[in-house]
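The block underneath contains the structure these notes are about, expressed in structure tokens.
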Amino acid sequence: MQSKNISRLLRALARQGLDVQYNNQSYSARWVDSPDAPIAEVLLPASFPVEAKALKQLANLANAKHPKGGNICHVCATPDFHPGDAGVAIGSVVQTSGQVIPAAVGSDINCGMRLHVADLSAEKFLARRDRFVELMKGDFFFGKRDVTMAARTMKALFQDGVTGWLDSMLDKSTGNFVRSDINQIATEIDRIFLNGSMSGHIKWAPQELVPESGLVRDGGLATIGGGNHFVEVQWVEQITNPKLAYRWGVKKGQLAFMIHSGSRNVGKYIGGMWRDWARKLWSEGLKYPDSRLFPLSSITHPESVTDYLEAEATAANYAFVNRLLLAELLRLRLRQVYGDLEAPLVYDLPHNITLPEGQGWVTRKGACPAHVGQPVIIPGSMGTPSYLLMGLGNSDWCCSASHGAGRLRSRFDLSRKGNRESEDKLGLTGVDCITLRAERRIEEAPAAYKPIAPVIDVQVRAGLVQVVARMHPILTFKA
DNA sequence: ATGTGC
């Protein structure tokens with residue numbers, strides 16, 4: 001089944017010291033001169049292209065054992081596998097003990113997905129689409145927003161995520177939330193991974209966002225962000241597992257609202273800070289790794305690992321609240337345009353995060369946790385379906401699933417060549433995408449991504465996930 | 001990923 005191109009690629013990699021084999025829907029990769037490193041595996045259909053850069057990055061990750069303590073236990077990658085800018089491939093999952101690798105998460109801390117549904121037909125939605133778009137434009141059309149928030153609320157959300165934010169919205173004298181719509185948010189907390197609350201600390205947050213008292217002007221909360229991030233209105237076109245779908249509140253014909261966003265500038269700030277610190281900690285008589293991956297050892301520097309995890313959690317908390325507030329904007333406008341709709345949360349889960357699992361940690365970069373029975377949300381693109389699935393907790397793949405279809409063509413390639421390609425060739429025919437930046441529509445066109453169906457299919461066949469429902473895009477908002 | 005950039 002392998003094409004000549006792939007065979008040629010594997011031979012070229014072998015000459016560079018990277019042993020890559022393909023069988024049974026997966027590549028295995030290992031640097032020949034590192035026989036003790038675990039063999040990295042990539043789940044990928046034979047018909048899909050694979051890039052040398054991404055394979056090298058994954059083998060480097062398997063090679064990122066801390067020389068003075070710590071272990072790489074397991075490295076794998078999901079079918080949305082493609083090269084990353086910072087030396088770690090998107091779709092990588094690494095299980096470690098005695099060490100964590102800040103670069104394996106990077107800057108986009110707690111990038112994740114959130115899904116709501118509403119009892120509203122596509123027909124009724126489209127009848128007032130223009131009014132809805134007009135209102136959402138006002139909400140979304142700026143990369144920055146000036147949210148004015150009490151400093152104590154900001155502090156609470158950095159330290160405790162959604163729980164902290166809810167606590168700060170409580171009127172202590174009456175025991176009620178300051179606004180009645182917050183009641184619904186509180187009842188939905190069990191539908192957020194880790195309840196949207198991790199152990200963070202304000203000392204890791206950008207200083208200007210955590211004054212002692214007063215008000216904070218924040219430009220990141222309740223904004224979508226760039227790249228592949230979006231807010232999308234979809235239609236539930238197929239239910240594959242009715243029992244689970246009903247249990248999770250999803251029905252055929254409903255409208256779905258999907259949010260893909262992360263920790264914005266906070267993750268950039270904290271991720272960048274720790275990328276630099278990990279490198280500095282490394283310079284204590286150790287040879288610099290060529291891969292630019294600098295693991296922190298919990299054996300030689302235990303405080304560095306607890307500090308990093310606390311810092312990562314601080315950004316993760318911000319991301320959970322960011323998605324929550326984006327969803328509240330959506331619900332507000334839906335109610336304004338379509339009347340009293342509940343639009344309940346189905347699930348919110350991170351796909352860029354380090355979690356304690358097994359004897360150590362699992363770091364996923366562009367990969368969803370997919371533990372047994374857990375809801376998993378995998379978006380396609382603005383012109384192709386997205387999926388709601390259930391995790392099967394497959395330990396061969398570190399209990400993970402892909403976070404999307406995976407990029408096929410770079411943003412740069414599309415901004416340079418895409419503008420000269422036809423709408424049809426870009427897969428944009430019939431796509432309703434609202435964005436102020438025309439190039440975003442090109443860079444994020446369906447042709448930028450792998451076809452989602454085989455990506456889902458290979459994960460179902462390999463026993464990572466089970467499909468619960470499929471949603472078709474109606475309207476996409478890009479920043 | 002980031003109001004970015006070969």
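Lettering follows sequence order; numbering is per chain, from 1.
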**OP:** Look at A/Arg264 and B/dT2 and indicate whether a side-chain polar atom (N or O) is within less than 4.0 Å of OP1 or OP2.
**Re:** yes
Looking at every strand, decide which applies to [X] at a 4.0 Å heavy-atom threshold: base, sugar-phosphate, or nothing.
X	result
A/Gly226	sugar-phosphate
A/Arg416	nothing
A/Asn352	nothing

Original post:
Hey, is the side chain of A/Arg440 pairing donor to acceptor with the base of B/dG5 inside 3.5 Å?
Top reply: no
Subject >> Name of the residue among A/Thr163, A/Leu349, A/Ile185, A/Leu345 meeting side chain to side chain contact (heavy atoms under 4.5 Å, CB included) with A/Ile192 >> reply: A/Leu345
Subject >> Side chains of A/Ile378 and A/Val376 in contact at under 4.5 Å (non-hydrogen atoms) >> reply: yes
Subject >> Contact list for residues 72-84 of chain A, test side chain to side chain donor-acceptor pair (under 3.5 Å), sequence neighbours left out >> reply: A/Thr78-A/Asp80, A/Asp80-A/His403
**OP:** With the side chain of A/Phe412 defined as its heavy atoms from C-beta on, choose the nearest nucleotide among B/dG3, B/dC6, B/dG5.
**Re:** B/dC6
Using atom [atom1] of [X] as one end and atom [atom2] of [N] as the other, report the distance to the nearest whole Å.
X	N	atom1	atom2	value
A/Lys268	B/dG3	NZ	P	8 Å
A/Asp85	B/dC6	CG	P	11 Å
A/Leu436	B/dT4	CG	C1'	17 Å

Side-chain donor/acceptor pairs under 3.5 Å, residues 84-97 of chain A, sequence neighbours excluded:
{"from": "A/Ser92", "atom 1": "OG", "to": "A/Ala89", "atom 2": "O", "distance (Å)": "2.6"}
{"from": "A/Thr96", "atom 1": "OG1", "to": "A/Gln99", "atom 2": "O", "distance (Å)": "2.6"}

Subject >> Given DNA chain B, 5'-ward residue of the pair A/Glu439 and A/Gly227, judged by closest heavy atom >> reply: A/Gly227
